[in-house]
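Shown next, in structure tokens, is the structure this report addresses.
For the numbers below, each heavy atom of this structure counts, side chains included, while hydrogens, waters and symmetry mates do not.
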Amino acid sequence: MNERLRLLEALLFAAPEPLGEAELALRLGDEADLPALLRELAGNYAGRGINLVGIAGGWTFRTAPDLATALKSEREVPRRLSRAAVETLAVIAYHQPVTRAEIEAIRGVGLARGTLDRLLESGWVQPKGRRESPGRPLNWVTTPQFLAHFGLDSLKELPGVEELRQSGLLDIGPAVIGELAAPEDEAGEEAEAEG
Amino acid sequence: MNERLRLLEALLFAAPEPLGEAELALRLGDEADLPALLRELAGNYAGRGINLVGIAGGWTFRTAPDLATALKSEREVPRRLSRAAVETLAVIAYHQPVTRAEIEAIRGVGLARGTLDRLLESGWVQPKGRRESPGRPLNWVTTPQFLAHFGLDSLKELPGVEELRQSGLLDIGPAVIGELAAPEDEAGEEAEAEG
Amino acid sequence: MSERGEQLVLDLDGYEGPIDLLLALAREQKVDLARISILQLADQYLAFIGEQRRLQLEVAADYLVMAAWLAYLKSRLLLPEPPEDEGGPSAVELAEALAHRLRLLEAMQRAGASLMARPLLGRDVFQHGAPEGLATIDQPVFELSLYELLKSYGENHRRQHGQVLTILPSAYQSLSDALEHLAQFIGRVPDWRELMAFLPEALRDGPLYRSALAATFAATLELAKAGRVELHQERAFGPLYLRSGSRASEAEAGPE
């Protein structure tokens, strides 16, 4: 096995997070044909128990998705997200940057405080800048951890995002009833989220 | 690739610590010929950037030992020397070989412990032999790196005291006479340098 | 209320707001959302809310607001549109806006489900359990110029030997020296010339340069006060120019 390929394999294996191509190039030296090496390494691991995958703009090894069931008993099941949190996450992911008012408009319901907190706590969303509109509301966006958790290389890989854009479903459209936004019952939602 | 081998690979990869054979047997099922699978997997990884190794009574993947150096990367962090260290360096440069006591006498102030350490770390000074005098103190000299850093071919290129005076570096104007008596606070100065 | 009623009627707690409820009701129409009948949907919604209230179940305010709005929309959809445009959206436009929101929410609900169905890290796929990490070793690089080194030695030397080396009064150009030196030029300089040009040749580069400059400058001020020279400077810290003053010759004649 070629020395550069061995080093690339070891680097990706030792790194706690996906490594971007810039950093890999830096560590492998200028003469390395990084795209070719990555292709070769990905080929070596195709069909194995570990795969080389492009995630959040970088490269990393992950266990093969089809082994999920066999590996599962090993791990504690992560806390389930409430329906409100899943929907809110989807709205932020597909409509970002998006304000709280827009999230509420799309979902047709006020956002309980716990919902955004939960997503923030997971490290999947973050506020980023403010909208230059009255009240200068915060913009919400997803994070690189979101991409990493959901196994996406970039936001372009969001399931069905292109179809949604083409069918106009990433545009909020005109207001309905001047936006109804009575806050959801927070306690109720929290209880559901824990369930 | 055989499914059991894939699972073994994924299990070992995802586990936070080496997995013992008892646990592996449990996860892979009774029918699995674990020793054979481990042999095969170890064979797959022989000569690669990652190796399968037996450690602490279990099995795990580790980066190949010969790549250890290549996996490290150095980052240069700019640091500044304290005033005391710069003066001490200058005294060593001009008076070498010079003992610690002589440095203190020339500077007219005690030498804080960290000062010489810092200079040693810079690679610009080194101890060289001992003075044949009571207590046999260490002699301090500058290193070739010192010459290289300051672009000097030899110590002879250091300007003499008279030249320093002529170039204004020993300028003794009326304005500075008042400074003569000001005692140096070594501890305070070191603290400032670290801050 | 009867047990039968409770069993039959869905609780509003199962819905994420009025749009979500509308979406659930729309799904019962079993038609594509693009061809949904808003009128029929409004009826279903009003009936559902009516049933909730009949059973004295609590109905949150936003569901009631939606009910009122749907009743209004329904009446506008059924009545002929007013002939003149009142500026607001037409009933058809309002219905379309609502239909769009339904599609929007449905799209997001599907998107959320597809996201959660992906192989998730820590649930379906796993990263390396014990990454060794990529060590980055901080290599200190000390920054020091030869100038700083020499200056430091000079300062130290000065501190230790200053007493011996301090007094060299004869090496200074005093104010009276400078006045005497400048006086030679007065009356012979009709045009502006830079102050630097008047420095004694011998002092232009040496260690006494600064004191010479200061003394010459002070001397020009003295002379300017006496009207023997004129000074001119274009900007702060710019070069200083001088030329002979109006009383140059008169003063030249008199003793200084």
Side-chain angles (χ1 to χ4, degrees), chain A residues 11 13-17 19 27 53 55 60-65 67-68 71-72 74-75 77-78 81 83-84 86-91 93-95 105-110 148-152 158-161 164 167-177 180-182 184-185 188 192, chain C residues 13-23 33-34 58 60-66 68-70 72-73 89 93-135:
Chain A
L11 280 168
F13 178 82
E17 289 175 350
L19 288 178
R27 287 176 176 268
V53 288
I55 295 283
T60 191
F61 287 114
R62 291 229 171 140
T63 56
L67 294 174
L71 290 171
K72 198 159 287 177
E74 178 89 338
R75 309 274 155 168
V77 180
L81 283 179
R83 235 186 90 191
V86 172
E87 274 182 34
T88 303
L89 179 62
V91 171
Y94 284 77
H95 290 267
I106 292 168
R107 295 194 55 234
V109 71
H149 186 85
F150 289 89
L152 300 164
L158 284 171
V161 69
L164 289 178
S167 46
L169 290 175
L170 295 186
D171 300 321
I172 297 179
V176 178
I177 341 176
L180 17 90
E184 257 171 298
D185 177 39
E192 179 205 351
Chain C
D13 283 354
Y15 299 98
E16 295 278 339
I19 302 277
D20 184 41
L21 172 56
L22 275 169
L23 196 55
L33 266 189
E58 198 180 334
D62 46 352
Y63 289 91
L64 297 178
V65 171
M66 177 61 89
W69 187 80
L70 284 173
Y72 160 78
L73 177 64
E93 283 165 347
L94 286 175
E96 174 46 33
L98 179 63
H100 179 73
R101 284 301 167 84
L102 292 175
R103 291 193 291 271
L104 212 57
L105 180 60
E106 190 196 37
M108 287 303 104
Q109 289 181 349
R110 288 209 175 130
S114 337
L115 280 176
M116 299 314 287
R118 291 184 61 81
L120 298 191
L121 184 63
R123 186 188 75 179
D124 307 307
V125 295
F126 300 93
Q127 55 194 0
H128 189 193
E132 292 155 55
L134 294 174

Toward chain C, the part of A:Ile55 with a non-hydrogen atom under 4.5 Å:
neither

Between A:Arg27 and A:Leu11 (side chain of the first, backbone of the second, donor and acceptor by atom type, cut-off under 3.5 Å), is there such a pair?
no

Checking C:Arg103 side chain against A:Gly168 main chain: does a donor-acceptor pair fall under 3.5 Å?
no

At a 4.5 Å cut-off on heavy atoms, which part of A:Phe150 comes close to chain C: side chain, backbone, both, or neither?
both

Most heavy-atom pairs under 4.5 angstrom with chain C, which of A:Thr60, A:Leu152, A:Thr88, A:Leu67?
A:Leu152

So what's closer than 4.5 Å to chain A heavy atoms on C:Arg118: side chain, backbone, both or neither?
side chain

Is the side chain of A:Arg107 donor-acceptor paired with the backbone N or O of C:Ile19 at a distance under 3.5 Å, no angle test?
no

What residue in A:Glu17, A:Arg62, A:Glu87, A:His95 has the most heavy-atom pairs under 4.5 Å with chain C?
A:Arg62

Region of A:Pro159 in contact with chain C, defined by heavy-atom distances below 4.5 Å:
side chain

Can you name the nearest heavy-atom pair linking C:Leu22 to C:Leu98, along with the distance?
CD1-CD1, 4.0 Å

Taking all non-hydrogen atoms of both residues, which atom of C:Met108 and which atom of A:Tyr94 are closest, and how far apart?
CE-CB, 3.7 Å

Restricting to non-hydrogen atoms, name the atom on C:Ala113 and the atom on A:Val86 that form the minimum distance, rounded to 0.1 Å.
N-CG1, 4.5 Å

Tell me, side chain or backbone of A:Leu164 under 4.5 Å from chain C's heavy atoms, or both, or neither?
side chain

